[in-house]
Amino acid sequence: MDGSLLDQTQHERLALVDVNNFYVSCERVFDPSLRGRPVVVLSNNDGCVVSRSQEAKDLGIKTGQPWFKLEPFAPRWGLVARSSNYELYGDLSSRVMEVLGRHGLWQEVYSIDESFVGVAGTPDELLQLARRIRQDVLRYVGVPVCVGVAPTKTQAKLANHIAKARAELEGVCSFDSLAEADLWRLQERLPVTGLWGVGRKSGEKLVAEGIETIADLRRADAAKVRKRHSVVLERTVRELNGVNCLPPTAEKADRAQVMYSRSFSSPVSTLAELDEVMNLYTQRAAARLSAQGMLAKVLTVSAGTSRFSGEASFPSRSVALPEPTADPVLLTRYAVSALRSVVVPGTPYVRAGVMLSGLGRDLDHGGREQLELFSLDGGEDAVPDGAGPGSGAAPARAADLSGLLASVKGRFGHAAIGLGRGGFAEEPEWSMKREFRSKRFTTEWDELPIAKA
DNA sequence: AGGTCCC
DNA sequence: CTGGGACCT
C-alpha cells in the first residue's frame, strides 16, 4: 500500500535527526568561505582528521588520516583544515537540540550531533514535519541535518541513512511515505554490515551464514539469530520488522570518574612545567566534578612518554583523599605533589592526566549551580544556609570557590581567573597544538562575531 | 573480565 | 586509527 496516498491514519513514529558532518558544518556557520570547499577538522593536537566535508570525502580523505601526510597536498586541492573547537561544537549542539525539542512529543539526545524525537501524524504530516525540522535547524542554527522517520529506532536510523544517500530525497526519508515494495527493494540492496547494531564482527558472521543484505536480516528467524548471535542482534531483527524493543537510553547515571588527560604539543621534562600542567589539568577536572555536583575520594595522576621512541614509561600514582572533596585548591596541591613523586626529571613526557574517582553526590550542592559573584565577600551571605555552628565551614568554602571560578570564567572567559598558572592569559608552551582553531564565536565574549551593516 | 559496538 | 562508555555474555 502506498501510505502517502491512501493511509490517512495517525501513527506514532520516531525521527532520527542528525547533523551532516557536524564539526565541519559548525565551522561553516561562521565562515561561509568554507562552503563548497574540501574542509577537514582535526583531532586534539591537530593530529588526524575527525570530520570531513562532502568535498573532502570526494577527494578520498578518510577519517583518522594524519594531517602531516595531508598537508603537502592542501594547497593543490584547496583543502582547508581546522583544529577542533569543542566549545563551539558543544554550544551549537545544544542549540540544535533545543530546536528539535520544540518539534517532538519527546526527545532523546543520543550524541553530540544526533537525537531521537517522538513524532505523530498521518504519513503526509510526518513527511511535512520532517521537512520543517530540517528547515528550522538550518534557519535557526545554520547547520544541515538529515531526518529519518520510521516506527522503530533501528528503522529510523536506516531511514536517515537513506535520506543521506539519496540526493533526490533532500535530506528527509519517512518510511510511511514509501511503498512497501520500494522499501523492500531498498533493503535488498543495502549490506547488512553498517546497519545500526551490526558491526564488523557480527556482519562477517552473518554474511558467512548467507545473510548479506538488510532484507535478509529482516526475514531471518529472530529466535535462531538469538541462539547463533546475541539478544542484541535478535532485537535488531525485531526492530527491522517494526517491533520496538530498544528502550529509551537510560538517563545517564552519575559518572564513575572524571578524567582530564591531554598530550602536549612538545615534550615536557622539567618539574616546574609538570607542576604547571598538573595545575591546569586538575582545575579542569575539578571544575567538571563540581559542575556535576560530585565529590571525589581518590585522585590519580599520570604522565607518559612517547610510545614510539625508546623506553616508554607511564608513571602514575593514586592518592586517597582525606575526605570527599571537589576543592580545586586541595586537589591541585595533591596532584602536583603526587606527580612530583613518580616522575623522573629530564624524561620527555608527551602527555599527562588527572583522574578523579570514588565519586559521590555532593548533598550540599542542590540548586546552587549559579553562584552570585558577591556571595563570598562578607555579610550573612558568606555563611551557607544549613551549615550549623561549627559544621563544615571548610567544605562550604570549597564549594563556593568552585562556583566562583565557574561563574567568573563564564562571564569573562576561561583565561580570566584560575589558580596559579591557570589564570594566565598566555598559553604555556606545551599547550595542545591547535594551530587552525576558529574563534569560540558563541561562548567567549571576546570572540563574538562582528556584523557590519 | 572480555567482547562488541558506537560515536 | 584513539579513547571512552554502554551493554552483553
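Lettering follows sequence order; numbering is per chain, from 1.
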Query raised in the report: Looking only at side chains, do A:E239 and A:W196 share a donor and an acceptor under 3.5 Å apart?
Result: no
Query raised in the report: Going by atom types only, do A:Y349 and A:R351 share a side-chain donor-acceptor pair under 3.5 Å?
Result: no
Query raised in the report: Quick one: A:Y89 OH to B:dC7 C1', roughly how many Å, whole number?
Result: 16 Å
**Report entry** Selection from B:dT4, B:dC6, C:dC8 that lies nearest to any side-chain heavy atom of A:V231
**Finding:** C:dC8
Query raised in the report: Using 30° and 60° as the class limits, which term best fits the ring planes of A:F441 and A:F30: parallel, tilted or perpendicular?
Result: parallel
Query raised in the report: Contact class for A:G197 vs. all strands (heavy atom < 4.0 Å): base, sugar-phosphate, or nothing?
Result: sugar-phosphate
Query raised in the report: Expressed in angstrom and rounded to an integer, what is the separation of A:K201 atom NZ from B:dC5 atom C1'?
Result: 12 Å
Query - A:Q155 versus A:T152, side-chain donor and acceptor atoms under 3.5 Å - result: yes
Requested in this report: Please figure out whether A:M259 or A:R235 has its closest DNA chain C nucleotide nearer the 5' end.
Outcome: A:M259
Query raised in the report: What nucleic acid atoms does A:Q65 come within less than 4.0 Å of, heavy atoms only: base, sugar-phosphate, or nothing?
Result: nothing
Requested in this report: Using atom CG of A:N44 as one end and atom C1' of C:dG4 as the other, report the distance to the nearest whole Å.
Outcome: 13 Å
Requested in this report: Whole angstrom is fine here: how far is it from CE in A:M355 over to C1' in C:dG3?
Outcome: 14 Å
Query raised in the report: What integer distance in Å separates A:H229:NE2 from B:dG3:P?
Result: 18 Å
Query raised in the report: Does OP1 or OP2 of C:dC1 have a side-chain N or O of A:T63 closer than 4.0 Å?
Result: no
Requested in this report: Mind calculating the distance between OH (A:Y23) and P (B:dC7) to the nearest angstrom?
Outcome: 12 Å
Query raised in the report: When all nucleic acid strands are considered with a 4.0 Å heavy-atom cut-off, which category describes A:L195: base, sugar-phosphate, or nothing?
Result: sugar-phosphate
Report task. Could you pick out which residue, A:G64 or A:S230, lies toward the 5' side of DNA chain C when each is mapped onto its nearest nucleotide? Result -> A:G64
Query raised in the report: A:S111 side chain: which of B:dC7, B:dC5, C:dT9 is closest?
Result: B:dC7
Query raised in the report: Rounded to whole angstroms, how far apart are CG on A:L246 and P on C:dC7?
Result: 11 Å
Query raised in the report: Among B:dT4, B:dC7, C:dC8, which is the nearest nucleotide to the side chain of A:E114?
Result: B:dC7
Query raised in the report: Should A:K157 be listed as having a side-chain N or O under 4.0 Å from OP1 or OP2 of B:dC7?
Result: yes
Query raised in the report: Between A:R200 and B:dC6, does any side-chain N or O lie under 4.0 Å from OP1 or OP2?
Result: no
Query raised in the report: What is the ring orientation for A:Y23 with A:Y86, classed by angle as parallel under 30°, tilted 30 to 60°, or perpendicular over 60°?
Result: perpendicular
**Report entry** Interatomic distance where CD1 belongs to A:I61 and C1' belongs to C:dC1 [whole Å]
**Finding:** 16 Å
